[in-house]
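Below is one structure, written out as structure tokens, with a few remarks after it.
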Amino acid sequence: MATSGEAPESWYLALLGFAEHFRTSSPPKIRLCVHCLQAVFQFKPPQRVEARTHLQLGSVLYHHTKNTELARSHLEKAWFISQQIPQFEDVKFEAASLLSELYCQQILVDSAKPLLRKAIQISQQTPYWHCRLLFQLAQLHTLEKDLVSACDLLGVGAEYARVVGSEYTRALFLLSKGMLLLMERKLGEVHPLLTLCGTIVENWQGNPIQKESLRVFFLVLQVTHYLDAGQVKSVKPCLKQLQQCIQTISTLHDDEILPSNPADLFHWLPKEHMCVLVYLVTVMHSMQAGYLEKAQKYTDKALMQLEKLKMLDSSPILSTFQVILLEHIIMCRLVTGHKATALQEISQVCQLCAQSPRLFTNHASQLHTMLGLYCISVNCMDNAEAQFTAALRLTTHQELWAFIVTNLASVYIREGNRHQELYSLLERINPDHNFPVSSHCLRAAAFYIRGLLSFFQGRYNEAKRFLRETLKMSNAEDLNRLTACSLVLLGHIFYVLGNHRESNNMVVPAMQLASKIPDMSVQLWSSALLKDLNKACGNTIDAHEAAQMHQNFSQQLLQDHIAACSLPEHNLISWTDGPPPVGQFQAQNGPTTSLASLL
């Protein structure tokens with residue numbers, strides 16, 4: 001025990017040194033670290049030491065143990081004591097930040113909000129903490145889907161950063177606000193905001209890595225904005241800039257020089273996360289444009305990088321990136337005729353979502369949509385309908401809603417006996433009148449669905465009008481898959497009408513485009529038409545060649561169909577409610593469905 005005249009520093013520094021030694025041991029000896037810190041209280045330390053020790057204990061318990069109650073108790077004491085001590089900002093605000101994080105983890109959001117508001121109110125003289133706490137409260141509102149409050153806070157942060165002379169952090173606040181406005185579809189407010197951000201980013205002279213990371217953030221928002229609008233061709237210059245930007249960042253070295261302005265002490269994302277994000281938006285673009293081999297290549301690169309990162313980093317954003325990448329590659333696989341692989345990847349998404357309730361909440365609708373698309377590909381139309389219905393129930397996202405409705409309409413058209421439900425759906429996605437979303441791609445798809453229905457009803461002139469509209473729109477934005485589908489369907493209509501020359505003019509480019517994508521079902525459809533066309537025109541050799549092609553495609557699709565339906569994961573098609581089922585699959589003896597006639 002220290003004598004009354006002895007300075008507290010010696011025993012305090014000794015205990016602190018031991019605690020840090022145990023914490024950083026390999027493996028960490030957390031129990032001993034906690035004992036050393038608790039021993040500090042035996043010495044009846046001064047308030048500053050007491051508050052800091054409560055913070056250190058709370059932090060160690062929160063990060064390294066499951067004892068959240070004890071962690072919470074220490075953090076609450078640190079926050080309470082530190083408020084009574086002048087000039088004690090770091091302990092005070094770190095305690096507030098960590099405690100509100102812990103409250104959120106315990107689903108005590110209503111305790112976290114007033115705590116953060118109080119900390120924001122008293123931190124105005126401490127720029128770093130004031131900005132950090134504003135970001136934290138904005139993020140909390142965002143997780144609660146209260147985007148209006150989050151945007152207000154980010155606006156406050158941007159103005160504060162301007163006042164304290166931090167253009168860099170002002171840009172971070174504004175870009176974050178732009179991201180939320182895009183999520184809210186407030187496009188009228190997004191455009192002026194992004195223009196302002198572009199000017200701030202270009203004019204800011206500072207750390208090159210920070211400048212380039214702002215440019216990546218800015219360009220990612222622009223690219224996703226274009227892709228949301230289905231403008232695959234218009235986005236190309238932005239996407240190219242983004243890819244060049246990430247190459248520049250990967251050649252820069254992280255400078256250890258700290259910014260002179262404490263308000264600049266923020267990073268948007270680590271360099272490695274930005275690389276994965278750029279791969280991700282490139283995959284999204286390739287998928288929409290119909291460059292599926294390119295999408296495959298970039299997905300492989302991104303997933304490999306993610307695996308490496310996840311070994312060292314438990315950041316939840318990595319799992320989100322992984323799920324979005326898998327969602328896109330699943331759609332690619334279904335188009336290229338790899339249903340069995342797609343199904344295994346759907347199962348992988350289920351497993352990732354089962355590990356994180358938040359991830360599942362955000363991706364449940366997409367997961368049922370993927371299953372619906374898989375069901376269509378194996379001709380299980382009742383299951384497809386059930387999956388799309390479940391997906392619609394779980395989404396409030398307008399573009400996703402329109403995508404699901406379009407696919408559900410295609411199911412009703414194929415079933416041929418669901419007229420009432422079909423017309424009610426088509427009324428809600430009428431491309432000629434009040435189309436519900438601004439997406440160019442989805443509107444073009446809605447015209448295609450109308451053309452498909454008119455074709456099945458034998459109203460060929462009407463079908464041609466709709467399909468020419470799709471072609472006009474898909475050519476304008478390089479939507480290769482829609483172009484190929486429209487061409488082959490137009491070719492089929494001309495064939496039925498006996499106009500073989502015009503039919504051939506449609507089917508040949510459809511086949512070429514489908515081979516380039518590659519789109520297996522359009523290749524199957526085109527080769528069947530080419531066989532019949534050449535036979536009708538007396539071109540025996542060409543007809544035989546087309547028949548051989550058709551036979552090859554049929555065989556590949558049939559083998560893949562059997563492989564997919566034989567997988568135990570095929571049982572996922574009957575899951576429409578509740579959390580994702582993991583490890584509940586029984587192997588089947590063989591396919592329970594027949595290969596659909598794709599015509």
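Nothing fancy with the numbering, it's 1 onward along the sequence.
Other residues, nucleotides and ligands contribute at most 12 non-hydrogen atoms within 6.0 Å of the CZ atom of R358.
Between the side chains of Q296 and R333, at least one donor-acceptor pair of N or O atoms lies under 3.5 Å. If you check the side chains of S100 and Q136, you find a donor sitting under 3.5 Å from an acceptor. No side-chain donor from either of H397 and T395 sits under 3.5 Å from a side-chain acceptor of the other. For the 3.5 Å distance criterion, the side chains of T483 and N480 fail to qualify, holding no donor opposite an acceptor. In summary, the side chains of E76 and Y103 do present a donor paired with an acceptor at a separation below 3.5 Å, with no hydrogens or angles considered. A side-chain N or O of D313 and one of H273 form a donor-acceptor pair less than 3.5 Å apart. Between the side chains of Q105 and T68, no donor-acceptor pair of N or O atoms lies under 3.5 Å. Checking E477 against S234 by side-chain atom types alone, a donor-acceptor pair falls below 3.5 Å. Judged purely by distance below 3.5 Å, without hydrogens or angles, the side chains of E101 and Y62 pair a donor atom with an acceptor atom.
Put simply, the side chain of S166 never gets that close to the backbone of R162: no donor and acceptor are under 3.5 Å apart. Between the H285 side chain and the V232 main chain, a donor and an acceptor come within less than 3.5 Å of each other. Panel note: side chain S356, backbone L359; a donor-acceptor pair is recorded below 3.5 Å. When atom types are taken as modelled, the side chain of S377 and the backbone of Y374 share a donor-acceptor pair closer than 3.5 angstrom. Checked by atom type and distance alone, the side chain of H130 pairs as donor or acceptor with a backbone atom of I120 at under 3.5 Å. One N or O on the side chain of T248 and one on the backbone of Q244 form a donor-acceptor pair closer than 3.5 Å.
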Would H54 and W79 count as a ring-ring contact (aromatic ring centres under 6.0 Å, His included) here? Give the steps. CA-CA 9 Å; H54 279 303; W79 167 236; over 10 Å; no

Test side chain to side chain contact (heavy atoms under 4.5 Å, CB included) on H363 and T320 and set out the steps. CA-CA 9 Å; H363 290 269; T320 303; 4.1 Å; yes

Walk me through it: do D90 and R52 pass the test salt bridge (charged side-chain N to carboxylate O under 4.0 Å, His left out)? CA-CA 9 Å; D90 271 6; R52 189 180 293 279; over 6 Å; no

Using the rule given for side chain to side chain contact (heavy atoms under 4.5 Å, CB included), can you reason through D228 versus L182, listing the C-alpha separation, both sets of side-chain angles and the distance that settles it, and then say yes or no? CA-CA 9 Å; D228 257 0; L182 278 175; 5.9 Å; no

Before giving the answer on side chain to side chain contact (heavy atoms under 4.5 Å, CB included), spell out for M331 and L292 the whole-Å C-alpha distance, their side-chain angles and the decisive distance to 0.1 Å. CA-CA 9 Å; M331 290 191 280; L292 302 195; over 6 Å; no

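Using a 4.0 Å cut-off between charged nitrogen and carboxylate oxygen, K297 and E293 do not count as a salt-bridge pair. A salt bridge is absent between E272 and K308; no separation between the charged side-chain nitrogens and carboxylate oxygens falls under 4.0 Å. With respect to E144 and K113, a salt bridge is recorded, a charged nitrogen being found less than 4.0 Å from a carboxylate O.
Aromatic ring pairs are classed by plane angle as parallel below 30°, tilted from 30° to 60° and perpendicular above 60°; the pair F266 and F135 is perpendicular.
In this structure, L61 CG and H64 NE2 are separated by 9.5 Å, a value rounded to the nearest 0.5 Å. L181 CG to H191 NE2: the interatomic distance, rounded to the nearest 0.5 Å, is 11.0 Å. Between H440 atom NE2 and S474 atom OG the span is 7.5 Å, to the nearest 0.5 Å.
Of all heavy-atom pairs between L567 and A340, the closest is CD1-O, 3.6 Å. Residues F360 and C353 share a closest heavy-atom pair of CB-O, 3.6 Å.
Aromatic ring centres of F388 and H368: separated by at least 6.0 Å.
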